[in-house]
Each structure stands twice: as C-alpha cells, then as structure tokens.
Asks: 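What follows is a structure written as structure tokens; I'll ask about it next.
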Amino acid sequence: MRPKNTFRMHRHFILFKPYGYVSQFISETSKKKVLGELYDFPAGTMAIGRLDEDSEGLLPLTTDGKTSELVRSSKVEKEYYAQVDGLITEEALQQLGQGLQIRTEKEWHQTRPCKVYRLATAPALPERAKRIRDERHGPTSWVSITLTEGKFRQVRKMTAAVGFPTLRLVRVRIGNMSAFEMAAGEVREVGGFDVG
C-alpha cells in the first residue's frame, strides 16, 4: 500500500491592516476586532510581525512557520510612516537614526541605528476609521523610519523618547513588498513574499 502524500501547499497573503483591529484571529474579549472578520483565511494562518490595535498597514500572513521566521528576521527591512505631534527637528531625526534607549516590557533596550527622514508632504494613505486631531491642536509632521528589529511598540517609544509622540503609525513596506495602492482592509493572496 502506498503511503499517503502528506505534502501540503502553504498559502500566503498580504493585508492592509486597518486601525482598530488586533493582529490575531481570536480575541480575549469579544469587543476586539480580529483579522478573521476581514477575510476567510484558511486554518493555520498566522500574522507575521504584529501591528498593535492602533497601528495600520502592511501585514503579511502565512500558513508556513518557516516563511514567518524569514520575514521576521533582522535581515528584512520594515519601513513605517509615523505622523508625529509637532514639527520634528533635525536633532530628533538624528537621535532616532543613531539609536536610543527605550523601555521594553522588562528592561531598557538600545535601538539599532536605522534610516530616518522627514517626509516633505503628508503621504497618500487610506482614510483612518478614527480621525487624527486636526491642525487647530497644533502642527504635525510625517517621518519615515526603517527598522531591522521590532520590539513591542518600538516606533512609538522611539518618537516619544525624542519628544515627538506618534499620532498615527502605518507600516508601508517589508523588504520589497509595499502597502501603497492598497485599501484599508484589503487582502491579496500572493505566491510568496519578496523580502529582497
């Protein structure tokens, strides 16, 4: 008798995670919006590199653990656009780029040097479900921050540490994969992930 073929084709997706959703499929409380509400993902699908409930943007998903490890690795760049409170200074940009101390859950962490620059204009992004405060409450600015690490709420902690708290955070790129031209909540099934 021939053995059954146990080979299984893995499936991969990219999602523009909207504001207000958690990066999981089961919520501890029934009040949280979960990824399964956005698309009929196959059993065993996992999010690669979480985005917290208040953050948006590119979120890859896969049924393959090895692929998840590859995408999450420090060899792959993750680029974020952060709208910060105030007009960010050159000094603050320099501090962010050189690396600084942030508090993680249990200890202080020295962030790695990263690529940082101010965006000249606000980026074209999908409307957010909950509006950011308007200009009457003071000016804001946008920065691009490209990391090769991912501590919990790292970008938010970094911008706060230099005096410019993050108001909106959107992951726009992972490797060569981009969230541009995707709508909030849009899911695309892909053959694999181009991490560069």
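Here the structure is a predicted model, which means the values were calculated and not measured.
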Asks: Among all residues two or more places apart in sequence or in another chain, which pass the side-chain contact (heavy atoms from CB on, under 4.5 Å) test with Pro42?
Replies: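 For Pro42, the residues satisfying side-chain contact (heavy atoms from CB on, under 4.5 Å) (neighbours in sequence not counted) are Arg11, Phe13, Thr45, Thr63.
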Asks: Let me confirm one number: the NZ-CE distance from Lys78 to Met177, rounded to the nearest 0.5 Å.
Replies: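 Separation between the atoms: 9.0 Å.
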Asks: Treating Arg153 as the side-chain partner and Val155 as the backbone partner, does any N or O pair qualify as donor plus acceptor under 3.5 Å?
Replies: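 No.
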Asks: Just by distance, with hydrogens left out, do Thr159 and Thr166 show a side-chain donor and acceptor under 3.5 Å apart?
Replies: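 The criterion, which ignores hydrogens and geometry beyond distance, is satisfied for Thr166 and Thr159.
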Asks: Consider only side-chain heavy atoms of I, L, V, M, F, W and Y, link residues closer than 4.5 Å, and tell whether Tyr117 and Val84 are in one cluster.
Replies: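 The answer is no; the residues belong to distinct hydrophobic clusters.
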Asks: Checking the side chain of Arg168 only, and the main-chain atoms of Gln83 only, is there a donor and an acceptor separated by less than 3.5 Å?
Replies: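 Answer holds: no.
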Asks: Mind checking whether Leu38 and Pro18 have side chains closer than 4.5 Å, heavy atoms only?
Replies: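 Yes, their side chains come closer than 4.5 Å.
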Asks: Would you say the side-chain atoms of Glu56 pair up with the backbone N or O of Arg128, donor to acceptor, closer than 3.5 Å?
Replies: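 No, Glu56 side chain to Arg128 backbone: no donor-acceptor pair under 3.5 Å.
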Asks: Kindly write out the residues that satisfy salt bridge (charged side-chain N to carboxylate O under 4.0 Å, His left out) with Arg103, not counting sequence neighbours, or none if the list is empty.
Replies: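 Counting only residues at least two positions away or on another chain, Arg103 forms no salt bridge (charged side-chain N to carboxylate O under 4.0 Å, His left out).
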Asks: Rounded to the nearest 0.5 Å, how far apart are CD1 of Ile102 and CD of Gln154?
Replies: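 The CD atom of Gln154 is 4.5 Å from CD1 of Ile102, to the nearest 0.5 Å.
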Asks: Does the side chain of Thr146 pick up a donor-acceptor pair with the side chain of Glu77 at under 3.5 Å?
Replies: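 The answer is no; no qualifying pair exists.
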Asks: What closest approach, in Å, do Ser141 and Gly86 show between heavy atoms, and which atom pair accounts for it?
Replies: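 Closest heavy-atom pair between Ser141 and Gly86: OG-O, 2.7 Å.
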Asks: Given 3.5 Å as the limit, does a donor-acceptor pair link the side chain of Glu37 with the main chain of Val34, or not?
Replies: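 A pair under 3.5 Å: yes.
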Asks: To the nearest 0.5 Å, what is the distance between CG (Leu35) and CZ (Phe41)?
Replies: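 Answer rounded to 0.5 Å: 6.0 Å.
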Asks: Mind listing the closest non-hydrogen atom pair of Val71 and Pro60 along with its distance?
Replies: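 Taking Val71 first and Pro60 second, the nearest heavy atoms are CG1-CG, 4.2 Å.
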Asks: Atom NZ of Lys151 and atom NE2 of His109: how far apart are they, to the nearest 0.5 Å?
Replies: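 The distance works out to 5.0 Å.
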Asks: Would you say Val22 and Tyr19 are hydrophobically clustered, going by side-chain heavy atoms of ILVMFWY under 4.5 Å?
Replies: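 No, separate clusters.
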Asks: Is the closest basic N to carboxylate O distance between Arg156 and Asp54 below 4.0 Å?
Replies: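 Judged by the 4.0 Å cut-off on N to carboxylate O distance, Arg156 and Asp54 do not form a salt bridge.
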Asks: Assess whether a salt bridge exists between Lys115 and Glu79, defined as any Lys/Arg side-chain N lying under 4.0 Å from an Asp/Glu carboxylate O.
Replies: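 Not counted as a salt bridge, because no side-chain N and carboxylate O are separated by less than 4.0 Å.
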Asks: Run Met158 and Gln95 through side-chain contact (heavy atoms from CB on, under 4.5 Å) and show every step you take.
Replies: CA-CA 9 Å; Met158 288 172 66; Gln95 286 178 296; over 6 Å; no
Asks: Taking Leu15 as the starting point, is it possible to reach Tyr39 by hopping between hydrophobic residues whose side chains are less than 4.5 Å apart?
Replies: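 Yes; tracing contacts between hydrophobic side chains, which count when under 4.5 Å, links both residues.
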Asks: Out of curiosity, does Leu51 fall in the hydrophobic cluster containing Val170 (side-chain heavy atoms, cut-off under 4.5 Å, transitive links)?
Replies: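 Result: no, two separate clusters.
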Asks: Using the ring-ring contact (aromatic ring centres under 6.0 Å, His included) criterion, which residues pair with Phe180? Sequence neighbours excluded.
Replies: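 Applying ring-ring contact (aromatic ring centres under 6.0 Å, His included) to Phe180 gives Tyr81.
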Asks: Do you know the tightest heavy-atom contact between Thr111 and Gly99?
Replies: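 Between these two residues, the closest heavy atoms are OG1-CA, 3.2 Å.
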Asks: Any chance you could measure Trp142, atom CH2, to Leu125, atom CG, to the nearest 0.5 Å?
Replies: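 Going from the CH2 atom of Trp142 to the CG atom of Leu125 covers 5.0 Å.
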Asks: Using side-chain heavy atoms (C-beta onward) and a distance below 4.5 Å, is Arg118 in contact with Glu90?
Replies: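 Yes, close enough: below the 4.5 Å cut-off.
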Asks: State which residues pass side-chain contact (heavy atoms from CB on, under 4.5 Å) with Glu105; sequence neighbours excluded, sorted by chain then number.
Replies: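 In terms of side-chain contact (heavy atoms from CB on, under 4.5 Å), with neighbours along the sequence ignored, Glu105 is linked to Phe152.
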Asks: Ser73: which residues meet the side-chain contact (heavy atoms from CB on, under 4.5 Å) condition with it, sequence neighbours left out?
Replies: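 Result, side-chain contact (heavy atoms from CB on, under 4.5 Å) vs Ser73: Lys75, Val76.
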Asks: Other residues, nucleotides and ligands only: do more than 12 of their heavy atoms fall within 6.0 Å of CD on Glu127?
Replies: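 Counting neighbours around CD of Glu127, 12 or fewer heavy atoms of other residues, nucleotides or ligands fall under 6.0 Å, so no.
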Asks: Taking only Lys NZ, Arg NE, NH1 and NH2, and the carboxylate oxygens of Asp or Glu, determine whether Arg188 and Glu186 approach each other closer than 4.0 Å.
Replies: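 Between Glu186 and Arg188 there is a salt bridge, with a charged N closer than 4.0 Å to a carboxylate O.
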Asks: May I ask you to decide if Thr148's main-chain N or O and Ser74's side chain share a donor-acceptor pair within less than 3.5 Å?
Replies: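 No: the side chain of Ser74 does not pair with the backbone of Thr148.
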Asks: Taking only residues two or more places apart in sequence, or in another chain, which ones meet Ala179 in a side-chain contact (heavy atoms from CB on, under 4.5 Å)?
Replies: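 Expected list: Phe16, Leu58.
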Asks: Give, for atom CG of Leu61 and atom CD1 of Ile48, the distance between the pair rounded to the nearest 0.5 Å.
Replies: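 Result: 7.0 Å between the selected atoms.
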Asks: Under a 3.5 Å distance rule, please check whether Thr62 uses its side chain to pair with a backbone N or O of His12 as donor and acceptor.
Replies: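 The answer is no, because no donor-acceptor pair under 3.5 Å joins these two groups.
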Asks: Give me the atom names and distance for the closest heavy-atom approach of Ser23 to Ala47.
Replies: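 Minimum heavy-atom separation between Ser23 and Ala47: O-CB, 3.9 Å.
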Asks: Going through the distances and angles, do Glu53 and Lys33 end up as a salt bridge (Lys or Arg N to Asp or Glu O under 4.0 Å)?
Replies: CA-CA 9 Å; Glu53 189 174 359; Lys33 295 179 183 175; over 6 Å; no
Asks: Please check if Val195 and Ile14 belong to a single hydrophobic cluster, counting links between Ile, Leu, Val, Met, Phe, Trp and Tyr side chain heavy atoms closer than 4.5 Å.
Replies: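 Val195 and Ile14: one cluster.
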